[in-house]
Student: 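Just passing along the structure, written as structure tokens.
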Amino acid sequence: MTIITRFAPSPTGYLHIGGARTALFNYYFAKHNKGKFLLRIEDTDQERSSQEAIDAILESMKWLGLNWDQDVVFQSKCQKRHTQIAADLYKQGKAYYCQCPKEQLQEMRETAMKEGRQPGYDGRCRDKGHTTGALRLRTPDEGSVNIEDEIQGKVTIQNDHIDDMVILRSDGTPTYMLSVVVDDHDMGITHIVRGDDHLTNAFRQYHLYSAMGWTMPTMAHMPLIHGQDGAKLSKRHGALGAETYRDMGFLPEAMRNYLLRLGWGYGDEEIISDARATELFTLDRIGKSPSRFDLKKLEHLNAHYIRESDNDRLLKMITPLMDEKLGKSLSDTQKSWILQGMDGLKQRAKTLIELADNAAFYAYDLPIEIRDEKAEKFADTESRSIIKNLIGDLENLNEWTHDSLHTVAKEYSEKQDLKLVKIAQPIRVALTGTTVSPGVFDVLEIFGKEESLKRLKDFAR
RNA sequence: GUCCCCUUCGUCUAGUGGCCUAGGACACCGCCUUCUCAAGGCGGUAACACGGGUUCGACUCCCGUAGGGGACACCA
């Protein structure tokens, strides 16, 4: 049997981090089983759905590399089928119309709660024979439902805790409960992997499956991601959109690795490639307790993937960031400096933003602005005179390489009985305007004799 | 309130009755390396919520307690 999973977001906003993880788990699970991963947009609520949200979700999915199989299914386009199913259920007497007004339903819930009962509809319209109103599914009052959940294990709920749910609103439109079940069935979904906030829905949906005579897909309800306060992460509760992380300078592969490890583990493995994840991902390794989002760990992973990343790719990614930051376009020379310096830059950045910031000095114009107080300390008269004295030696240098430059500085320091720092730091400040950068001799070599002396002379004057 | 679920270092987790004096990773601290900052190497602080069972033996199984979370719409 081909395993088919789906991710089914409702387009009421961006793709938040919890949704992204759900999609990722579905994706890896499908890939692991050489199955299919489908995408369905649950846009039945026309009021709350928007094209912008759909676009944002699709874009985030693509950015994360969560490539779905086949065409996107739009739930709104399946409405006819949903109402047809509802009509069949009504004809078979498995559903009935209810005309209770909203206030009355509200009252029912409140009194039930007050009396310590499970709140819900009491089924009073079951045999009234209405032919209009909201269509409700007749569910059994006795017995219980068992679900063998791949993550939660065996979960049982008594049927008297499940009320007759509405499957068709009084305006004739299908509800989510109906639509998911029909669509999942029609799409041939074999495994539903979703947040455990849907766990109780599974039981209600079970009754729909059985009313239709369909077999329910295998269920897997994964624990949610919590915020720092321990409460469910949601759009209005600290969950950021995937594109926010992109804008913060995170790499999609870092994102995937981090999200994968949030709630899933395989021994001591931390750095897990896509191929490895596909090879290893099984549902039984998903933990049962909720986890919290930890930005520090994401940053650590991101730094790792930046270091592993190809220099050309990194340059391409930071170029627009730098153009914006500097208010000008990078010249070809500057790009080539940055590219040559990338090995030194990329091991010092946790995000692409940092990488762009750290690379900026390659594109500075003269005079180099002293950026901070620490740098000021190495821009005093003593430092400037050291540089002035050094310039002579450098001008006579034929071979402009890291090693030869290092030698010149070292010999000078020994001659003057100075620590190398006393020379290296002023050079760094002259070149970059700060006290933090990749190795100065590397930077000197990359700039070449001409640019280096230009910056040093300007500093020493 | 009712039902369901959860509980190992601050965080993510390994652990499926003896391998656990509880392992790894992030964060934190120290040392080494060193032209700065990183990276890297070495080391350190730090956890089985609690109480009962079961068992020769429990982080692992059972039952309670406490704490946390989720769900209870003509939203999805």
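Lettering of chains follows the sequences in order, A, B, ..., and the numbering in each one begins at 1.
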Student: At less than 4.0 Å, is any side-chain N or O atom of A:Arg109 found next to OP1 or OP2 of B:rA71? Yes or no.
Tutor: no
Student: Pick base, sugar-phosphate or nothing for A:Met177, based on heavy-atom distances below 4.0 Å to the nucleic acid.
Tutor: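 Base contact.
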Student: Please report the distance separating the P of B:rU8 from the corresponding atom of B:rC48, rounded so that it comes out in whole Å.
Tutor: 10 Å
Student: Choosing from B:rG69, B:rU36, B:rU11, which nucleotide comes nearest the side chain of A:His226?
Tutor: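 Of B:rG69, B:rU36, B:rU11, B:rG69 is nearest to the side chain of A:His226.
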Student: Using only modelled atom types and a 3.5 angstrom limit, is any donor from either the side chain of A:Ser170 or the base of B:rC74 paired with an acceptor on the other?
Tutor: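 Per atom types, the contact qualifies.
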Student: Out of B:rA71, B:rC3, B:rC12, which has the shortest distance to the side chain of A:Lys297?
Tutor: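 Output: B:rC12.
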Student: Counting only Watson-Crick pairs (N1-N3 plus N6-O4 or O6-N4) and G-U wobbles (N1-O2, O6-N3), all under 3.5 Å, who is the partner of B:rA66?
Tutor: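 When the pairing criteria are applied, B:rU7 turns out to be the nucleotide that pairs with B:rA66.
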Student: Is the terminal nitrogen or CZ of A:Arg136 (NZ for Lys, CZ for Arg) located under 6.0 angstrom from the six-membered ring centre of A:Tyr96 and within 45° of that ring's axis?
Tutor: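 Output no; distance or angle outside limits.
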Student: At 4.0 Å (heavy atoms only), tell me whether A:Val421 reaches a base, stays on the sugar-phosphate, or touches nothing.
Tutor: sugar-phosphate
Student: Quick one: label A:Gly287 by what it contacts on the DNA or RNA (base, sugar-phosphate, nothing), any heavy atom closer than 4.0 Å.
Tutor: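 Touches nothing.
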Student: Using the aromatic ring of A:His198 (for Trp, its six-membered ring), decide whether it stacks on the base of B:rA76 within the limits of 5.5 Å and 30°.
Tutor: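 It does: the ring sits over the base of B:rA76.
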Student: For the pair made of CZ in A:Phe441 and C1' in B:rU34, what is the distance, rounded to whole Å?
Tutor: 12 Å
Student: Classify A:Pro438 by what it touches in the nucleic acid, base, sugar-phosphate, or nothing, heavy-atom distance under 4.0 Å.
Tutor: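 Base contact.
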Student: Only pairs with both distances under 3.5 Å count, Watson-Crick or wobble alike; so what is the partner of B:rU36 in this structure?
Tutor: none
Student: A:Val155 has a side chain; which of B:rC5, B:rC35, B:rA76 sits nearest to it?
Tutor: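 Closest of the options to the side chain of A:Val155: B:rC5.
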Student: In whole angstrom, give me the gap between the C1' atoms of B:rC50 and B:rA58.
Tutor: 16 Å
Student: Within the 4.0 Å heavy-atom criterion, would you say A:Ser289 contacts the bases, only the backbone, or no part of the nucleic acid?
Tutor: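 Result for A:Ser289 = sugar-phosphate.
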Student: Classify A:Arg40 by what it touches in the nucleic acid, base, sugar-phosphate, or nothing, heavy-atom distance under 4.0 Å.
Tutor: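 Answer is nothing: A:Arg40 stays at 4.0 Å or more from every strand.
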Student: Do any side-chain nitrogens or oxygens of A:Thr173 fall under 4.0 Å of OP1 or OP2 in B:rC74?
Tutor: no
Student: I'd like to know if A:Arg126 pairs up with A:Asp141 as an ion pair, taking the criterion as any Lys NZ or Arg NE/NH1/NH2 lying under 4.0 Å from an Asp or Glu carboxylate oxygen.
Tutor: yes
Student: If pairing requires Watson-Crick or G-U wobble contacts with both distances under 3.5 Å, which nucleotide is the partner of B:rA71?
Tutor: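 Pairing partner: B:rU2.
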Student: Is the ring pair A:His191/A:Phe29 parallel, tilted or perpendicular, if the boundaries are 30 and 60 degrees?
Tutor: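 A:His191 and A:Phe29: perpendicular rings.
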Student: Salt-bridge test for A:Arg455 and A:Glu451: reply yes if a basic N is under 4.0 Å from a carboxylate O, no otherwise.
Tutor: yes
Student: Could you tell me how far B:rG41 sits from B:rG18 if I compare only their C1' atoms? Round to whole Å.
Tutor: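 Here B:rG18 and B:rG41 have their C1' atoms 35 Å from each other.
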Student: If you measure from the Lys or Arg side-chain nitrogens to the Asp or Glu carboxylate oxygens, is any gap between A:Lys325 and A:Asp357 under 4.0 Å?
Tutor: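 Yes, A:Lys325 and A:Asp357 are salt-bridged.
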Student: Taking only the side-chain heavy atoms of A:Asp197 (C-beta and beyond), determine which of B:rC74, B:rA71, B:rC12 contains the nearest atom.
Tutor: B:rA71
Student: Judged by modelled atom types alone, do A:Asp197 and A:His221 share a side-chain donor-acceptor pair under 3.5 Å?
Tutor: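 Result is no, nothing qualifies.
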Student: Establish, with yes or no, whether the OP1 or OP2 oxygen of B:rU13 is under 4.0 angstrom from a side-chain nitrogen or oxygen of A:Ser291.
Tutor: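 Yes, within the criterion.
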Student: Take atom C1' in B:rC28 and the same atom in B:rG68, then report the distance between them in whole Å.
Tutor: 26 Å
Student: Of the nucleotides B:rA71, B:rA76, B:rA39, which one has an atom closest to the side chain of A:Gln347?
Tutor: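 It is B:rA39.
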Student: Partner of B:rC61 by Watson-Crick or G-U wobble geometry, both contacts under 3.5 Å, or none?
Tutor: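 Base-paired to B:rG53.
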Student: Taking only N and O in the side chain of A:Arg307, is any of them less than 4.0 Å away from OP1 or OP2 of B:rG40?
Tutor: yes
Student: Please give the distance between the C1' atoms of B:rA47 and B:rU60 as a whole number of Å.
Tutor: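 One C1' to the other, the span is 16 Å.
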Student: Expressed in angstrom and rounded to an integer, what is the separation of A:Arg48 atom CZ from B:rA73 atom P?
Tutor: 15 Å
Student: Atom CG of A:Asn302 to atom P of B:rC26: distance rounded to whole Å?
Tutor: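 Computing the A:Asn302:CG to B:rC26:P distance gives 15 Å.
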Student: Report the distance from atom CD1 of A:Ile147 to atom P of B:rC5, rounded to the nearest whole Å.
Tutor: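 Rounding to the nearest Å, CD1 of A:Ile147 and P of B:rC5 are 12 Å apart.
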Student: If we call it a pair only when both distances are under 3.5 Å in a Watson-Crick or G-U wobble match, what pairs with B:rU21?
Tutor: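 Checking every strand shown, B:rU21 finds no partner, since no pair has both distances under 3.5 Å.
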Student: Nearest to the side chain of A:Val436, which nucleotide is it out of B:rU2, B:rC37, B:rG15?
Tutor: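 In terms of side-chain proximity for A:Val436, the closest of B:rU2, B:rC37, B:rG15 is B:rC37.
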Student: Quantified in whole Å, what is the P atom distance between nucleotide B:rA14 and nucleotide B:rC31?
Tutor: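 Straight-line distance between the two P atoms is 34 Å.
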Student: Which nucleotide, B:rC35, B:rU2, B:rA76, lies nearest any side-chain atom of A:Asp45?
Tutor: B:rA76
Student: Using purine N1 to pyrimidine N3 plus N6-O4 or O6-N4 for Watson-Crick, or N1-O2 and O6-N3 for G-U wobble, each under 3.5 Å, what pairs with B:rC31?
Tutor: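 Partner of B:rC31: B:rG41.
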Student: Should the pair A:Lys374-A:Asp372 be classified as a salt bridge under the 4.0 Å nitrogen-to-oxygen rule?
Tutor: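 Salt bridge: no.
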Student: Quick one: label A:Gly439 by what it contacts on the DNA or RNA (base, sugar-phosphate, nothing), any heavy atom closer than 4.0 Å.
Tutor: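 Base contact.
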Student: What contact category does A:Glu270 fall into here, base, sugar-phosphate, or nothing, at under 4.0 angstrom with non-hydrogen atoms?
Tutor: base
Student: By nearest nucleotide on RNA chain B, pick out whichever of A:Gly116 and A:Leu233 is the more 5' one.
Tutor: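 Upstream on the strand: A:Gly116.
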Student: Do the side chain of A:Lys296 and the base of B:rC26 come within less than 3.5 angstrom through a donor-acceptor pair of N or O atoms?
Tutor: no
Student: Taking B:rA66 as the reference, what is the distance to B:rG52 when you measure between their C1' atoms (whole Å, please)?
Tutor: 14 Å
Student: To the nearest Å, how far apart are A:Lys422 NZ and B:rU36 P?
Tutor: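 So the two atoms are 13 Å apart, to the nearest Å.
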Student: Quick one: A:Lys288 NZ to B:rC4 P, roughly how many Å, whole number?
Tutor: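 Whole-Å distance recorded here is 14 Å.
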Student: Of the nucleotides B:rC74, B:rA76, B:rC12, which has the atom closest to the A:Lys102 side chain?
Tutor: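 Selected nucleotide: B:rC74.
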Student: Hey, does the side chain of A:His300 come within less than 4.0 Å of B:rC26's phosphate (OP1/OP2), counting only N and O?
Tutor: yes
Student: Decide, yes or no, whether a salt bridge links A:Glu253 with A:Arg313 under the criterion of side-chain N to carboxylate O below 4.0 Å.
Tutor: yes
Student: Rounded to whole angstrom units, what separation is found between the OH atom of A:Tyr266 and the C1' atom of B:rU13?
Tutor: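 One finds 15 Å between C1' of B:rU13 and OH of A:Tyr266, rounded.
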Student: Nearest whole angstrom, please: distance from the P of B:rU13 to the CG of A:Leu259.
Tutor: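 The distance from CG of A:Leu259 to P of B:rU13 comes to 12 Å, rounded to the nearest Å.
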Student: For the residue pair A:Thr434 / A:Arg371, report whether a side-chain donor-acceptor contact shorter than 3.5 Å exists.
Tutor: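 No, no side-chain donor-acceptor contact under 3.5 Å.
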Student: Heavy-atom nearest nucleotide on RNA chain B for A:Met113 versus A:Asp229: which residue maps closer to 5'?
Tutor: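 With A:Met113 and A:Asp229 compared, the 5'-side residue is A:Met113.
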Student: Please determine whether a side-chain nitrogen of the Lys or Arg among A:Asp127 and A:Arg138 lies less than 4.0 Å from a carboxylate oxygen of the Asp or Glu.
Tutor: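 Judged by the 4.0 Å cut-off on N to carboxylate O distance, A:Asp127 and A:Arg138 do form a salt bridge.
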